[in-house]
There are 2 protein chains.
Amino acid sequence: MIDPKLLRGSLNTIIIKLLSERNEMYGYEITQHVKDITAGEVQLTEGALYPALHRLEGKGILSTELRNVGNRVRKYYRLTEAGKTEVVHQMTAMEDFIKSMQLILNPKLV
Amino acid sequence: MIDPKLLRGSLNTIIIKLLSERNEMYGYEITQHVKDITAGEVQLTEGALYPALHRLEGKGILSTELRNVGNRVRKYYRLTEAGKTEVVHQMTAMEDFIKSMQLILNPKLV
DNA sequence: AAATATACCTAATTTTCTTAGGCATAAGTA
DNA sequence: TACTTATGCCTAAGAAAATTAGGTATATTT
């Protein structure tokens, strides 16, 4: 299991990257998808995820649509136009971050 | 400049990794060294660094020694035995984290 | 003489997370 | 049938750690 502390700061990037690939997703789906592709290593907690989704919606990065599925209601999120711009910035920022971490942590490879 | 938000959660790892390589360092030296090896991309803020150093000392990961240099006092930090064990754990955790992030963010490469 | 660099620190505020729930429907199991 | 697990949304209290914005002092450079 990935140390949740390391994940701090990366949650927004994860969310908008996934939404850039799949058009729309609902919250629970995001948690399951992340769990699947990381073989269970990354488990987003709902207490962190939902407030983060709400914040991104408040900032105009995401828009939502409620949809009935059977007797349940799902809240689908998708990127706004502003959100699509954000993806590019955040991905660049994440790549730069990882490169810097590798410079700091693997000095032998430099 | 690296988005400071992405750095959240990685500060402890950076500190103890640097100390595992250089035996002892003082706070200001850590900020400068990180800035140097990342070509100015990562700039640790003192408001984050010093409290982090104090927390790590409080947990018994680091020990300190005050030393006079000219008319100034520097506070040198080094890893305790427990700290040396921690380095291994944290580095493994960081590698796992980066791998997971790459799974999430670069699905094409998988 | 003034500005920058070195070197330590803290306190108020903000941000975000963890923890620990609550509510409800659907599906699987004993 | 009853219970548990999965699905699916949410929030609130508290904790953790960052940002911001200082303070103090010596040393060096302009």
Side-chain angles (χ1 to χ4, degrees), chain A residues 1-16 18 24-36 40 42-59 61-78 90 93 97, chain B residues 1-16 18 24-36 40 42-59 61-78 90 93 97:
Chain A
M1 253 280 281
I2 298 299
D3 182 354
K5 281 180 190 170
L6 291 176
L7 242 19
R8 290 182 187 181
S10 305
L11 182 53
N12 286 352
T13 306
I14 292 172
I15 291 171
I16 68 173
L18 293 184
E24 60 174 14
M25 296 181 86
Y26 53 97
Y28 186 77
E29 185 183 13
I30 292 174
T31 66
Q32 298 308 304
H33 184 61
V34 167
K35 192 157 92 172
D36 284 350
V42 176
Q43 307 216 14
L44 303 183
T45 59
E46 299 189 337
L49 178 65
Y50 286 114
L53 288 171
H54 301 162
R55 281 193 298 272
L56 289 170
E57 188 185 3
K59 283 181 189 167
I61 306 290
L62 304 182
S63 62
T64 59
E65 187 192 336
L66 293 172
R67 201 175 304 160
N68 282 35
V69 179
N71 247 351
R72 288 233 196 80
V73 178
R74 283 183 191 158
K75 193 175 196 174
Y76 281 89
Y77 289 86
R78 63 173 67 205
Q90 297 239 6
F97 165 66
Chain B
M1 253 280 282
I2 298 299
D3 182 354
K5 280 183 190 168
L6 292 174
L7 242 21
R8 290 181 186 181
S10 305
L11 181 54
N12 285 353
T13 307
I14 291 173
I15 292 170
I16 67 173
L18 293 183
E24 62 175 13
M25 295 180 88
Y26 53 98
Y28 187 78
E29 185 183 15
I30 291 175
T31 66
Q32 298 308 304
H33 183 61
V34 167
K35 192 156 93 172
D36 284 350
V42 176
Q43 306 217 13
L44 305 183
T45 60
E46 299 188 337
L49 178 67
Y50 286 114
L53 287 170
H54 302 162
R55 281 195 297 273
L56 289 170
E57 188 186 4
K59 284 181 189 166
I61 307 290
L62 304 181
S63 62
T64 59
E65 187 192 337
L66 292 172
R67 201 174 305 159
N68 283 33
V69 179
N71 247 351
R72 287 232 198 81
V73 179
R74 284 185 189 155
K75 194 175 195 175
Y76 280 89
Y77 289 86
R78 61 172 69 204
Q90 297 238 6
F97 165 66

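Residue numbering restarts at 1 for every chain, and letters A, B, ... go by the order of the sequence lines. Hydrogens, waters and symmetry mates are skipped; everything else that's a heavy atom, side chains included, is used.
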DNA chain C base-pair string [pairs: Watson-Crick or G-U under 3.5 Å; |: paired with another strand]:
||||||||||||||||||||||||||||||

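Contacts of L7(A) with the nucleic acid, taken as non-hydrogen atoms under 4.0 Å apart, are absent. Within the 4.0 angstrom heavy-atom criterion, only backbone atoms of the sugar-phosphate kind lie near R74(B); the bases stay farther away. Using a 4.0 Å heavy-atom cutoff across all strands shown, R8(A) reaches sugar-phosphate atoms only and no base atom. Across all strands, G47(A) comes closer than 4.0 Å to base atoms (heavy-atom distances). Within the nucleic acid shown, E46(A) comes within 4.0 Å of at least one base atom, counting heavy atoms only.
Remark: T31(B) OG1 to Y26(B) OH distance equals 9.0 Å, nearest 0.5 Å. Interatomic distance, L49(B) CG to H54(B) NE2, rounded to the nearest 0.5 Å: 8.5 Å. Here the OG1 atom belonging to T45(B) is positioned 11.0 Å from the OH atom belonging to Y50(B), to the nearest 0.5 angstrom. Between atom CG of residue L18(A) and atom CD1 of residue I30(A) there is a gap of 6.5 Å, rounded to the nearest 0.5 Å.
With DNA chain C read from its 5' end, the first of the two nearest nucleotides for G70(A) and T45(A) is the one closest to T45(A). Between Y50(A) and G9(B), the residue anchored closer to the 5' end of DNA chain D is Y50(A), taking for each the nucleotide with the nearest heavy atom. Where A48(B) and Y76(A) each meet DNA chain D at their nearest nucleotide, the meeting point lying more 5' is that of Y76(A).
Taking every nucleotide of DNA chain C with any atom under 4.0 Å from a non-hydrogen atom of chain A, the first and last of them, 5' to 3', are dT16(C) to dA26(C). Boundaries of the chain A contact region on DNA chain D are dA6(D) to dA17(D), first to last in 5' to 3' order (nucleotide atom under 4.0 Å from a heavy atom).
For the salt bridge (Lys or Arg N to Asp or Glu O under 4.0 Å) test, no residue two or more places apart in sequence or in another chain qualifies with E46(A).
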Counting only pairs under 3.5 Å, give me each side-chain donor-acceptor contact of residues 3-16 of chain B, with atom names and distances, residues two or more places apart or in other chains.
unit_1 : atom_1 : unit_2 : atom_2 : d
D3(B)  : OD1    : K5(B)  : N      : 3.0
T13(B) : OG1    : Q90(B) : OE1    : 2.8

May I have the list of side-chain donor-acceptor pairs in residues 61-71 of chain A shorter than 3.5 Å, sequence neighbours left out?
unit_1 : atom_1 : unit_2 : atom_2 : d
T64(A) : OG1    : E57(A) : OE2    : 3.0
E65(A) : OE1    : R67(A) : NH2    : 3.4
R67(A) : NH1    : E24(A) : OE2    : 3.0
R67(A) : NH2    : E24(A) : OE1    : 3.0
R67(A) : NH2    : E24(A) : OE2    : 3.2

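Using modelled atom types and a 3.5 Å distance limit, the side chains of Y76(B) and R78(B) yield no donor-acceptor pair.
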